[in-house]
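Comments concern the structure below.
Quick caveat: nothing in here was measured; it's all calculated off a predicted structure.
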Amino acid sequence: MVTALHEGLIGITTLDTEETARMLRTLFGLPLTHTSDARIISPDLSECSPSVYRADAAVLYGARGEKFAVITEVQLQPDDDKHLTWPAYLANLRVRDRCQACLVVICPDRSTARWAAQAIETGHPRYTLYPLVIGPDNTPVIIEVAEAIGNIGLAAISAITHSKDPQIKAILATLVEALDSIDPEKAHRYAEYVTVALTGDAQEEMERLMATDTYVYQGKYAQSLIAEGEARGEARGEAKGVLLVLESRGVPLSEAERERIVGCADTATLERWLQRAALVDSADKLFS
């Protein structure tokens, strides 16, 4: 399922291919030296057959005999079907673009990162795929502005993979200050992708930093964050009211139903549920 976290991570890796190459050289030592002519290529890696293979993103570095492709996947939870499709992604891209290629998997969750790093046995002797995994355990905690400026793509990814770290406020403050030193439009996009990929307290802290008048790139985006934050706060208040009324009346709620109420961001819907909460005797009637 496509989520804000998924889209934010893919946005970061495709926003600036040179910064992405710097990040991958830092983490994995990949031979990505021809970055000036890098280009985003189609992630559709299907053959003319009923099977469809589409990666999250693909970037081709270099030209002619020096081409090297990077396939990027964002994985938010284990999915054993990927052990079948990931080798196909690589094989099909190598045939299509006639170049060497590697697979990078970004996993913000530590347990998913461990799953993704498992060797994939293809059955052919000495042909075992070891995905290159970016996760909390191999991305550094970046709290030095100079380090963040020198590797802004890694700093952005690190902020997401370490969103639960006790130092998250320092991590985000460092990233935001580093963004102030790069092209404003690009900084705007990095900030946007990081913000939508974060959740909870980390997202609120990033929004707070973005709402200050210190940073030249904030512009309309920061104002939109303020408006969105106010709307989310209003929605959270409405959702809390719905839950309180239902609980006071003894209406049973499953965990999924409770999450549906809390996760609703549409204030009109929540107001309608709040009115019904005083009358219904089941969650089904509340949502109908």
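- Between the side chain of Arg249 and the backbone N or O of Val280 there is at least one donor-acceptor pair closer than 3.5 Å.
- The side-chain heavy atoms of Leu5 and Leu76, taken from C-beta on, include a pair separated by under 4.5 Å.
- Residues Glu238 and Leu274 form a side-chain contact, since some pair of their non-hydrogen atoms from C-beta on lies under 4.5 Å apart.
- To the nearest 0.5 Å, atoms CG (Asp37) and CD (Glu66) are separated by 9.0 Å.
- When all heavy atoms of Pro136 and Cys107 are compared, the pair lying nearest together is CD-O, 3.4 Å.
- Linking ILVMFWY residues whenever their side-chain heavy atoms come closer than 4.5 Å, directly or via other members, leaves Tyr190 and Ile149 in distinct clusters.
- Side-chain atoms of Arg276 come within 3.5 Å of backbone N or O of Ser288 as a donor-acceptor pair.
- One N or O on the side chain of His162 and one on the backbone of Thr139 form a donor-acceptor pair closer than 3.5 Å.
- Residues Ile160 and Tyr193 have side chains not in contact (no heavy-atom distance under 4.5 Å, counting atoms from C-beta outward).
- Rounding to the nearest 0.5 Å gives a distance of 12.0 Å between CG of Leu93 and CD of Gln100.
- Using a cut-off of 4.0 Å between Lys/Arg side-chain N and Asp/Glu carboxylate O, Arg260 and Glu257 are scored as not salt-bridged.
- Screening Thr174, Ile142, Ile143 against Gln167 for a side chain to side chain contact (heavy atoms under 4.5 Å, CB included) leaves a single residue, Ile143.
- Within the 4.5 Å cutoff, side-chain heavy atoms of Lys186 are placed close to those of Leu15.
- Using modelled atom types, no side-chain atom of Glu121 and backbone atom of Gly123 make a donor-acceptor pair closer than 3.5 Å.
- A heavy-atom distance below 4.5 Å is not found between the side chains of Met23 and Glu18.
- Taking CD of Glu185 as the start and NE2 of His188 as the end, the distance is 6.0 Å to the nearest 0.5 Å.
- Under a hydrophobic clustering in which Ile, Leu, Val, Met, Phe, Trp and Tyr are joined whenever their side-chain heavy atoms come within less than 4.5 Å, directly or via other members, Leu244 and Trp273 fall into different clusters.
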Self-check item: Thr13/Val59 under side chain to side chain contact (heavy atoms under 4.5 Å, CB included): CA gap, chis, key distance, verdict
Solution: CA-CA 9 Å; Thr13 60; Val59 178; over 6 Å; no
Exercise. Evaluate the side chain to side chain contact (heavy atoms under 4.5 Å, CB included) criterion for residues Arg22 and Leu154: first the C-alpha distance (whole Å), next the side-chain angles of each, then the deciding distance (0.1 Å), finally the verdict.
Key: CA-CA 8 Å; Arg22 182 175 291 111; Leu154 180 58; over 6 Å; no
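- In this structure, Glu73 does not pair ionically with Arg54, as no charged nitrogen and carboxylate oxygen lie closer than 4.0 Å.
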Self-check item: Steps toward side chain to side chain contact (heavy atoms under 4.5 Å, CB included) verdict (Ile261, Phe287)
Solution: CA-CA 9 Å; Ile261 294 170; Phe287 299 134; 4.0 Å; yes
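- Val262 is connected to Leu286 through a chain of hydrophobic side-chain contacts under 4.5 Å among Ile, Leu, Val, Met, Phe, Trp and Tyr, so both are in one cluster.
- A distance-only check finds a donor-acceptor pair linking the side chain of Ser158 to the backbone of Pro140 [under 3.5 Å].
- Using a 30° and 60° split on the angle between ring planes, Trp86 and Trp115 fall in the tilted class, from 30° to 60°.
- Within the 4.5 Å cutoff, the side chain of Thr35 has heavy atoms near those of the Arg25 side chain.
- A donor-acceptor pair is defined here as one N or O able to donate and one able to accept, closer than 3.5 Å; such a pair exists between the side chain of Lys67 and the backbone of Asp97.
- To the nearest 0.5 Å, atom CG of residue Asn138 and atom CZ of residue Phe28 are 5.0 Å apart.
- Rounding to the nearest 0.5 Å places CG of Leu32 at 9.5 Å from OG1 of Thr20.
- With Tyr89 contributing its side chain and Thr72 its backbone, the two residues share no donor-acceptor pair below 3.5 Å.
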Practice problem: Any chance you could lay out the side chain to side chain contact (heavy atoms under 4.5 Å, CB included) test for Leu30 and Cys102, step after step, and finish with the verdict? | Solution: CA-CA 9 Å; Leu30 292 181; Cys102 71; 3.6 Å; yes
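- A single hydrophobic cluster is seen to contain both Tyr61 and Leu27, as judged by linkage of ILVMFWY side chains at heavy-atom distances under 4.5 Å, directly or through other members.
- Interatomic distance, Lys164 NZ to Arg110 CZ, rounded to the nearest 0.5 Å: 12.5 Å.
- Linking ILVMFWY residues whenever their side-chain heavy atoms come closer than 4.5 Å, directly or via other members, places Ile12 and Ile182 in the same cluster.
- In this structure the side chain of Gln75 reaches within 4.5 angstrom of the side chain of Asp79, judged on heavy atoms.
- Nearest heavy atoms, Cys264 versus Leu270: O-CD1, 3.5 Å.
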